[in-house]
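Since the structure comes first, as structure tokens, the remarks are kept for the end.
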Amino acid sequence: MPVASGPDRIVKTKGSDLLRDLDLTDAELGCLLDLAAAVKRSPEDYTRALAGKSIALLFEKPSLRTRLTFELAIKQLGGDSIFVEAPIGVREPLKDVARNLDRWVNGIVARVFSQATIDALAEWSSVPVINALSDLFHPCQALADMQTVRERFGELRGLKLAFIGDGNNVAHSLMLSSLRLGMDFALGCPAGYSPNPDIVAQAERLAGAVGASLAIVHEPAEALRGAHAVYTDVWASMGQEQEAAIRRRAFHPYQVNDSLFALARPDAIFMHCLPAKRGEEVADSVMECGRSAVFDQAENRLHAQKALLLMML
Ligand code: CP
Ligand code: NVA
């Protein structure tokens, strides 16, 4: 493998799928972050790595970043991709879709409404399946985000990430990924919008194992105290559009504006997975400020997913 500037060798993932963040072992996650930095530095070293390989992108929901960065990553690694936007398992049973695809392609990247859909795709197909967002997780986003924080601060262990807003898919993935890398994680959300209790229980175990702290609070100031990175996401995720008005009322005090952002450390960065609703979860002034890392995050989707594909395929 021509990796002059990168790791000596690319560690192949043990499990065949990335359905949830913890499917990667600690060692695989560490390798992935190093490899993502290497492919970002020297993309020319990896241009044939996926030669002869084809990957299907099956999306039940819209996407800008995830679709484009996967398509570009596959192309820049020398592979081919085919994109389909359609509900999975409606025209024909999901188990048939999965067993057709694995006769044609070397991997499946899927964005789904329900985690159960991607779990079933993985169960029925023999090729690696990557979760490109479900109702519960957004692991590819968290990989790029960890890369971004590490670039900004040079390390992760001992830093604090504060997530202000809905205890949603992005919050779940960030919670699991940041804690296992030794970061403290605090989530400030309105009552009734806390993260999934099973995922919080997993996160508590991770925090205990690495000696990091986890806090789920309803007071944004408490979550923000001492934070190196302040993260938010839309108040109504895809599929929750009918709840948007109720959510706007509940989340109003949680908008990351200049006064809320000022409660974090003076050198804190602002993060958002995008797309953002300016004037709702974030003020335009925060999105556009010098400490906003949102476009670095978007760029790193490309590099982190290249690393993931190199390890999984
Ligand atoms: N952050 C993210 O996943 O963006 P898209 O929905 O545009 O893919
Ligand atoms: N929580 C958002 C993330 C979009 C990238 C959603 O699921 O719509």
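We count ligands from 1, going down the list as the structure has it; atoms in each ligand are counted the same way.
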- Looking only at heavy atoms of Lys61, does any of them come nearer than 4.0 Å to an atom of ligand 1? no
- Query: At the 4.0 Å heavy-atom cut-off, does Leu133 count as touching ligand 1?
  - Reply: no
Mind checking whether [X] has an N or O less than 3.5 Å away from an N or O of ligand 1?
X      : result
Leu64  : yes
Arg67  : no
Pro275 : no

Which of the atoms in ligand 1, numbered in the order shown and given with their element, are less than 4.0 Å from a heavy-atom of [X]?
X      : answer
Arg301 : 1 (N), 2 (C), 3 (O)
His138 : 2 (C), 3 (O)
Cys273 : 1 (N)

- Looking only at heavy atoms, is any part of Leu133 under 4.0 Å from ligand 2, and if so is it the side chain, the backbone, or both, or is it neither? side chain
- Message: Could you tell me if the side chain of Asp166 sits less than 4.5 Å from the side chain of Gln240, heavy atoms only?
- Response: yes
- Query: Taking the non-hydrogen atoms of Leu274, is any one of them nearer than 4.0 angstrom to ligand 2?
  - Reply: yes
- Message: Before you tell me yes or no, could you show the steps for Arg67 and Glu71 under salt bridge (charged side-chain N to carboxylate O under 4.0 Å, His left out), namely the whole-Å CA-CA distance, both residues' side-chain angles and the distance that decides it to 0.1 Å?
- Response: CA-CA 6 Å; Arg67 175 182 177 175; Glu71 287 193 5; 3.0 Å; yes
- Minimal non-hydrogen separation, Gln115 against Phe137, with atom names: OE1-CD1, 3.4 Å
- Message: Minimum heavy-atom separation for Ser126 and Asp102, please, with both atom names.
- Response: N-OD2, 2.7 Å
- Show the numbers, then the answer: is there a salt bridge (charged side-chain N to carboxylate O under 4.0 Å, His left out) between Glu280 and Arg248? CA-CA 7 Å; Glu280 293 198 10; Arg248 262 197 296 276; 3.3 Å; yes
- Query: Salt bridge check: are Asp267 and Arg152 linked by an N-O gap of less than 4.0 Å?
  - Reply: no
- Note: Glu288-Arg278 ion pair, threshold 4.0 Å (strictly below): yes
- Report yes or no: is the cationic atom of Lys160 (NZ for Lys, CZ for Arg) under 6.0 Å from the centre of the six-membered ring of Phe185, at an angle within 45° of the ring normal? no
- At what distance is the nearest protein heavy atom to atom 3 (C) of ligand 2, and which residue and atom is it? Asp233 OD2, 3.6 Å
- Item | Near-ring test Tyr231/Phe270, centroid separation under 6.0 angstrom | no
Can you check whether [X] has an N/O within less than 3.5 Å of an N/O in ligand 2?
X      : value
Ser237 : yes
Asn169 : yes
Met238 : yes
Arg111 : no

- To atom 6 (O) of ligand 1, the nearest of Arg65, Gln141, Arg111 on a heavy-atom basis is Arg111
- Item | Test ring pair (Phe, Tyr, Trp, His ring centres under 6.0 Å) applied to Phe251 and Tyr193, step by step | CA-CA 9 Å; Phe251 282 94; Tyr193 295 97; 4.7 Å; yes
